[in-house]
K.L.:
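I'd like to ask some things about the structure below.
All values derive from a computational prediction rather than experimental measurement. Just so we're on the same page: letters track the sequence lines, and every chain starts at 1.
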Amino acid sequence: MLNQKLAVAVAEAVKALYQQDVKPEDVQIQRTRKEFEGDLTVVVFPFTKAAKKPPQEIGEEIGNYLKENIQEIENFNVIKGFLNICFELDYWMEFLRQCLLEKNYGLAEKIQKDNPVVVEFSSPNTNKPLHLGHVRNILLGWSVAEIIKASGRAVKKVNLVNDRGIHICKTMLAWEKWGKGVTPAKAEKKGDKFVGDYYVQFEKQNKLEVKQKMLEGYSEEEAANRSGLMKEAREILKKWEQGDEETRALWEKMNAWVYKGFDKTYKRMGIAFDKIYYESDTYLLGKELVEEGLSKELLKRREDGSIWADLSDEGLDEKLLIRADGTSVYMTQDLGTAQLRYDDFKPGKLLYVVGNEQNYHFDVLKIVLKKLGKDYADDIYHISYGMVELPHGKMKSREGTVVDADDLMDEMHDSAKAITSELGKIDEFTEEEAEALFEKIGMGALKYFILKVDPKKNMLFNPDESIQFDGHTGPFIQYTYARIQSLQRKAREKGFKKPYLTKKSSITEMLPRERQIMKNLQDFSEVIRLAAEAYSPAQLANYIYELVKEYNGFYQDTPVLREEDEEKLLFRLGLSEMTGKVIKSGMDLLGIAVPERM
RNA sequence: GGCUCCGUAGCUUAACUGGAUAGAGCAUCUGACUACGGAUCAGAAGGUUCGGGGUUCGAAUCCCUGCGGAGUCACCA
């Protein structure tokens, strides 16, 4: 792109003028800020040392050099140490004409097939329904994967279901005790909710029992250990590990209920996976890896039989990998999963979208894998995202402040319905069409609200505010898109056909706003690249917003179809169409649908 | 307490990774509809970028320090 060309030319200029070697990639080029005239800006401060001249003068000299060597440059100006460069109109018109012809403007043309990037996200437990925290995780994972794909690399989306462990045994016990015979179908409940209720019930009953034991004089810890319910749950876990048929059957039955429920939620969110891993399948492989490490004396066994990794070389403690009773821990399972995933895909990168409370865990995972001689450990990257907080603090199941994913989506849908109905713009829609639209708007609002925030940061989810559709929101963007589509329908009625720009345009000037939109459009692929590199859908989300804001300003006070000069009219139509295209494919990468009307 | 991360308008947040006068949205106030869709636009007001030092042409960004918050330091996952 022109960006590249410019960087190379600047490096040449510096070499020719000041005999200093600069790599093109080190040349600082940025978008010219709105307040100044120009399209791209070269920062010249870094050359002051070699040039031994004031920045203003350097800017002039480099500017002249560039103008002579790059024909697309129309003129330039220098303000302080900033060299602002303007491209000529022809360049921009040609750019617009070309990208209107492209089918997938901005997206990578070829996908590099080998060594895909494997992205793990969602990773639910099977004892609880999905909640707001999962929603952020899922949206991030999906979007990061899509963005990476758009930047030119093959991607595999995978899920890791934590389907075994004491927590599942608790729900199994609770169901046997208090719900035997009842099924989600009979109870008319979503499977994951149904099972989750038994988990809650277990905890409740167990708490009562522990309290009772404490009244009998036991300490809290002791009381917890002596709880009959806990004993029974542990008994089930043991049976499960021994492969007891009856236990396994019940486990499978209840998990199946949960998956059915999850599937519904995933489907509504627009999410699918290429492969789903289950910890019940991977923990044994993890154990094997540990045994192997032990035999190679990379790990050590204590007297009680437990196995540890000594990480003191890395400044960390020792880490348990296998308990004395031979059972595995979280880390063991993750070792197995990593290996399995590596064997499955031979990936170039292994990404894990997991909350930042597990930063330490992933540091250790990498180190242990490395210790076991697994080179792919270097390709593991933890996309660590911040917690979702509520206006009154964290989500706590004990305090009933967990925001359920399904409920949340329902709420968003209902708000979309209320607001849309009030505006009365879709009265001619069938009921089915209307419902589909409410879903698009509601989900768009929810997804955008979450994705626009930098993943690394903790974010505040204010339920009241999130369903407002004004300002920096998904529906604002969707609205702009719908408007552009409306404009194009009108154009069609008036007999204008695509492609709008077939020959060289004869218009002689662009409005500042038009130019601004062009610059934004041109940045699209670069934004995708940067967002992919930073694993940050937020960068893309904010870019789309800027483009849309700029377009709305243009639309408000610039005639398109009412324009009398047909050349101008066609140009503006093309500009609008292109803006719509970028909105659509950008939003698509965020997992957000845009409506033709709203 | 050790380690890690964070602190930007009343609130929610941006800032191209060290660049120009810190940019938006919400809320507040003012203005714009016989409309190519007002779920819009234009404008006003709102900032010692937590405090204090330092590094340099230049700091919200890097270093030191103090304060405040979060996470983690499990034979839970």
Side-chain angles (χ1 to χ4, degrees), chain A residues 28-36 41 43-46 48-49 54-55 79-82 84 123 125 127 162 164-167 279 304 306 308 315-317 319-325 327-331 333-334 355-361 363 384 386-387 389 391 394 416 419-420 422-423 425 441 449 452-454 456-462 465-466 468-473 475-480 482-491 494 523 526-527 530 534 538-539 541-543 545-546 549 552-563 569 572-573 576 597-598:
Chain A
Q28 293 185 50
I29 294 177
Q30 48 188 288
R31 275 272 298 280
T32 304
R33 293 182 63 128
K34 270 187 206 167
E35 318 84 270
F36 303 95
T41 294
V43 184
V44 303
F45 286 109
T48 48
K49 266 187 190 150
I79 296 168
K80 294 194 201 166
F82 299 93
N84 303 318
S123 323
N125 289 2
N127 63 326
N162 177 16
R164 50 153 248 126
I166 189 74
H167 47 286
E279 287 191 356
D304 64 2
S306 58
W308 297 71
L316 302 174
D317 291 345
K319 187 79 190 171
L320 176 87
L321 297 178
I322 300 276
R323 295 188 186 102
D325 65 5
T327 57
S328 66
V329 294
Y330 180 40
M331 182 63 69
Q333 297 163 169
D334 256 2
N356 63 9
E357 73 270 19
Q358 294 194 34
N359 286 353
Y360 179 72
H361 171 77
D363 288 346
S384 159
M387 322 211 65
E389 283 159 21
K394 288 184 61 176
I419 292 173
T420 308
E422 199 181 326
L423 290 170
K425 291 183 180 186
I441 297 176
F449 189 91
K452 75 173 174 183
V453 183
D454 183 343
K456 282 181 300 215
K457 294 192 179 178
N458 288 356
M459 68 168 286
L460 189 99
F461 186 85
N462 184 329
E465 248 178 58
S466 73
Q468 296 304 119
F469 296 161
D470 292 323
H472 189 179
T473 64
F476 170 80
I477 295 166
Q478 291 172 319
Y479 172 72
T480 308
R483 242 177 171 188
I484 291 174
Q485 301 321 300
S486 168
L487 185 71
Q488 294 202 78
R489 281 192 298 271
K490 287 256 159 57
K494 289 194 170 194
D523 283 345
E526 179 70 0
V527 170
L530 289 170
Q539 291 188 13
N542 285 302
Y543 160 82
Y545 174 70
E546 252 168 65
K549 205 171 142 47
N552 272 328
F554 156 80
Y555 180 88
Q556 193 75 17
D557 51 29
T558 315
V560 179
L561 292 174
R562 288 177 308 191
E563 170 61 50
L569 186 156
R572 288 177 190 161
L573 212 42
S576 299
R597 297 168 203 258
M598 68 186 275

K.L.:
For the residue pair A:Lys34 and A:Phe36, would you count it as a cation-pi contact if the rule is NZ or CZ under 6.0 angstrom from the ring centre and within 45 degrees of the ring axis?
P.N.:
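Here A:Lys34 fails the 6.0 Å and 45° test against A:Phe36.
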K.L.:
Distances for protein N/O vs nucleotides 67-73 of chain B N/O pairs under 3.5 angstrom?
P.N.:
{"from": "B:rG71", "atom 1": "OP1", "to": "A:Lys394", "atom 2": "NZ", "distance (Å)": "3.3"}

K.L.:
Looking at B:rC75, does its base get a donor-acceptor pair with the side chain of A:Asp304 below 3.5 Å?
P.N.:
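Donor-acceptor pair under 3.5 Å: yes.
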K.L.:
Using the C1' atoms only, state how far B:rA45 lies from B:rA27, rounded to an integer number of Å.
P.N.:
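Result for the C1' pair: 12 Å, nearest Å.
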K.L.:
Once you apply a heavy-atom cut-off of 4.0 Å, does A:Pro55 come out as touching a base, just sugar-phosphate, or nothing?
P.N.:
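The answer is nothing, as A:Pro55 stays clear of every strand by at least 4.0 Å.
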K.L.:
Mind checking side-chain hydrogen bond (donor to acceptor under 3.5 Å, both in side chains) for A:Asn125 and listing every partner two or more places apart, or none if nothing turns up?
P.N.:
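A:Asn125: side-chain hydrogen bond (donor to acceptor under 3.5 Å, both in side chains) contacts with A:Asn162.
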K.L.:
RNA chain B: A:Phe461 or A:Met598, which has the more 5' nearest nucleotide?
P.N.:
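First, find each residue's nearest nucleotide; the 5'-ward one identifies A:Phe461.
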K.L.:
Please measure how far the P atom in B:rC76 lies from the corresponding atom in B:rU8, and state the result in whole Å.
P.N.:
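Straight-line distance between the two P atoms is 38 Å.
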K.L.:
Would you say A:Lys457 places a side-chain N or O within less than 4.0 Å of OP1 or OP2 belonging to B:rA14?
P.N.:
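Yes, because at least one side-chain N or O of A:Lys457 sits under 4.0 Å from OP1 or OP2 of B:rA14.
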K.L.:
Whether A:Arg323 contacts B:rC76 is assessed here as follows: a side-chain N or O lying under 4.0 Å from the phosphate OP1 or OP2. Is that the case?
P.N.:
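Affirmative; the distance criterion is met.
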K.L.:
Within the 4.0 Å heavy-atom criterion, would you say A:Ala482 contacts the bases, only the backbone, or no part of the nucleic acid?
P.N.:
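The residue A:Ala482 makes base contact.
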K.L.:
What pair of heavy atoms forms the shortest contact from A:Leu569 to A:Val560, and how long is it?
P.N.:
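For A:Leu569 versus A:Val560, the nearest heavy atoms are CG-O, 3.2 Å.
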K.L.:
Using the P atom in both, what is the distance from B:rC62 to B:rG18, to the nearest Å?
P.N.:
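It comes out at 7 Å once rounded to the nearest Å.
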K.L.:
Closest approach to the side chain of A:Trp308, judged atom by atom: which nucleotide of B:rG37, B:rC75, B:rC36 is it?
P.N.:
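For the A:Trp308 side chain, the nearest candidate turns out to be B:rC75.
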K.L.:
Where is the tightest heavy-atom contact between A:Leu561 and A:Leu487, given as atom of each residue plus distance?
P.N.:
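Heavy-atom minimum between the residues: CD1-O, 3.7 Å.
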K.L.:
Scan every strand shown for a Watson-Crick or G-U wobble partner of B:rC3, both distances under 3.5 Å, and answer none if you come up empty.
P.N.:
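Across any shown strand, B:rC3 pairs with B:rG71.
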K.L.:
Could you tell me if the side chain of A:Gln478 sits less than 4.5 Å from the side chain of A:Phe469, heavy atoms only?
P.N.:
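A side-chain contact under 4.5 Å is absent here.
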K.L.:
Considering every strand shown, what is the Watson-Crick or G-U wobble mate of B:rC57 when both distances are under 3.5 Å?
P.N.:
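Across all strands, the one nucleotide that pairs with B:rC57 is B:rG19.
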K.L.:
Looking only at side-chain atoms of A:Asn542, point me to the closest of B:rU40, B:rC36, B:rA14.
P.N.:
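Shortest atom-to-atom distance from the side chain points to B:rA14.
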K.L.:
How many Å lie between CZ on A:Arg164 and P on B:rA77, as a whole number?
P.N.:
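Rounding to the nearest Å, CZ of A:Arg164 and P of B:rA77 are 7 Å apart.
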K.L.:
Heavy-atom nearest nucleotide on RNA chain B for A:Phe449 versus A:Ser328: which residue maps closer to 5'?
P.N.:
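Its nearest nucleotide being more 5', the pick is A:Phe449.
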K.L.:
Quick one: closest heavy-atom pair of A:Val527 and A:Gln539, and the distance?
P.N.:
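For A:Val527 and A:Gln539, the tightest heavy-atom pair comes out as CG1-O, 4.0 Å.
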K.L.:
What's the base orientation of B:rU17: syn (chi within 90° of 0) or anti?
P.N.:
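Syn conformation here, the glycosidic angle of B:rU17 being no more than 90° from 0.
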K.L.:
Which base, if any, makes a Watson-Crick or G-U wobble pair with B:rC33, both distances under 3.5 Å?
P.N.:
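B:rC33 is paired with nothing.
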K.L.:
Partners of A:Lys49 by side chain to side chain contact (heavy atoms under 4.5 Å, CB included), sequence neighbours excluded?
P.N.:
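A:Lys49 satisfies side chain to side chain contact (heavy atoms under 4.5 Å, CB included) with no residue once adjacent residues are dropped.
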K.L.:
Would you kindly give the CD1-to-P distance between A:Ile322 and B:rC76, to the nearest whole Å?
P.N.:
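The answer, rounded to whole Å, is 13 Å.
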K.L.:
OH of A:Tyr555 versus C1' of B:rA32: gap in Å, rounded?
P.N.:
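These atoms are roughly 16 Å apart.
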K.L.:
I'd like the P distance from B:rC75 over to B:rC67, given in whole Å.
P.N.:
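Rounded to whole Å, the distance is 32 Å.
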K.L.:
Grab the CD-P distance between A:Gln556 and B:rG43 for me, whole Å please.
P.N.:
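Atom CD in A:Gln556 sits about 12 Å away from atom P in B:rG43.
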K.L.:
My understanding is that a pair needs two contacts under 3.5 Å, Watson-Crick or G-U wobble. By that rule, which nucleotide pairs with B:rG25?
P.N.:
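With both distances under 3.5 Å, B:rG25 matches B:rC11.
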K.L.:
What interatomic distance, in whole Å, is found between P of B:rU48 and the corresponding atom of B:rU61?
P.N.:
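Looking at atom P only, B:rU61 and B:rU48 are 16 Å apart.
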K.L.:
Taking atom P in both B:rC6 and B:rU13, what distance in whole Å separates the two?
P.N.:
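Each nucleotide's P atom is 15 Å from the other's.
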K.L.:
Please report the distance separating the C1' of B:rU21 from the corresponding atom of B:rG58, rounded so that it comes out in whole Å.
P.N.:
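Nearest-Å result for B:rU21 against B:rG58 at atom C1': 14 Å.
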K.L.:
How far does the P atom of B:rU49 sit from the matching atom of B:rC11, given to the nearest Å?
P.N.:
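The same atom, P, in both gives a distance of 16 Å.
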K.L.:
Between C1' on B:rU13 and CG on A:Asp454, what's the gap in Å once rounded to a whole number?
P.N.:
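Atom CG in A:Asp454 sits about 10 Å away from atom C1' in B:rU13.
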K.L.:
Where do A:Ile441 and A:Pro475 come nearest, in terms of heavy atoms and distance?
P.N.:
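In terms of heavy atoms, the two residues are closest at CG2-CG, 3.9 Å.
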K.L.:
Taking only the side-chain nitrogens and oxygens of A:Ser486, find out if one of them lies under 4.0 Å from OP1 or OP2 of B:rG37.
P.N.:
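So the side-chain polar atoms of A:Ser486 do come within 4.0 Å of the phosphate oxygens OP1 or OP2 of B:rG37, strictly under.
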K.L.:
Between atom CE in A:Met459 and atom C1' in B:rC6, what is the gap in whole Å?
P.N.:
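Checked: the CE to C1' distance equals 16 Å.
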K.L.:
Between B:rA77, B:rC16, B:rC36, which nucleotide gets closest to the side-chain atoms of A:Asn162?
P.N.:
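Of the options given, the side chain of A:Asn162 lies nearest B:rA77.
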K.L.:
Students often get this wrong, so: under 4.0 angstrom with heavy atoms, is A:Val453 touching a base, only sugar-phosphate, or nothing?
P.N.:
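It contacts sugar-phosphate atoms only.
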K.L.:
On the 0 to 90° scale, with breaks at 30° and 60°, tag the A:Phe82-A:Phe45 ring pair as parallel, tilted or perpendicular.
P.N.:
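Ring orientation, 0 to 90° scale: perpendicular.
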K.L.:
Heavy atoms only, 4.0 Å cut-off, all strands: where does A:Thr420 land among base, sugar-phosphate and nothing?
P.N.:
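Base: the residue A:Thr420, judged by heavy atoms under 4.0 Å, touches a nucleobase.
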K.L.:
Indicate for each nucleotide in nucleotides 19-25 of chain B, in 5' to 3' sequence, whether protein heavy atoms under 4.0 Å reach the base (B), only the sugar-phosphate (S), or nothing (-).
P.N.:
BBS--SS
K.L.:
From C-beta outward on A:Arg483, which listed nucleotide comes closest to its side chain: B:rA32, B:rG37, B:rA77?
P.N.:
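Nearest to the side chain of A:Arg483 among the choices is B:rG37.
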K.L.:
Over how many whole Å does the gap from A:Ile419 atom CD1 to B:rG37 atom C1' extend?
P.N.:
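Value for this atom pair: 17 Å.
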K.L.:
Out of B:rU40, B:rA77, B:rU12, which has the shortest distance to the side chain of A:Phe476?
P.N.:
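The closest nucleotide is B:rU40.
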K.L.:
Minimum heavy-atom separation for A:Ser576 and A:Phe554, please, with both atom names.
P.N.:
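Heavy atoms only, the tightest pair is OG-CE2, 4.2 Å.
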K.L.:
Check ring pair (Phe, Tyr, Trp, His ring centres under 6.0 Å) between A:His472 and all other residues, then give those that pass, not counting sequence neighbours.
P.N.:
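Here the qualifying residues are A:Tyr448, A:Tyr545.
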K.L.:
Mind checking A:Leu423 for me? I need base, sugar-phosphate or nothing, with any heavy atom below 4.0 Å counting as a touch.
P.N.:
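Base, at least one base atom sits under 4.0 Å.
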K.L.:
Any side-chain heavy atom of A:Val44 within less than 4.5 Å of one from A:Thr48?
P.N.:
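Result no, sub-4.5 Å side-chain heavy-atom pair not found.
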K.L.:
Check the distance between B:rC36's C1' and A:Gln485's CD and give it to me in whole angstrom.
P.N.:
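It works out to 13 Å between those atoms.
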K.L.:
At under 4.0 Å between heavy atoms, what does A:Thr558 touch on the DNA or RNA strands: base, sugar-phosphate, or nothing?
P.N.:
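Counting heavy atoms under 4.0 Å across all strands, the contact made by A:Thr558 includes a base.
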K.L.:
With A:Ala482, which residues qualify under side chain to side chain contact (heavy atoms under 4.5 Å, CB included), at least two apart?
P.N.:
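Residues passing side chain to side chain contact (heavy atoms under 4.5 Å, CB included) with A:Ala482: A:Met598.
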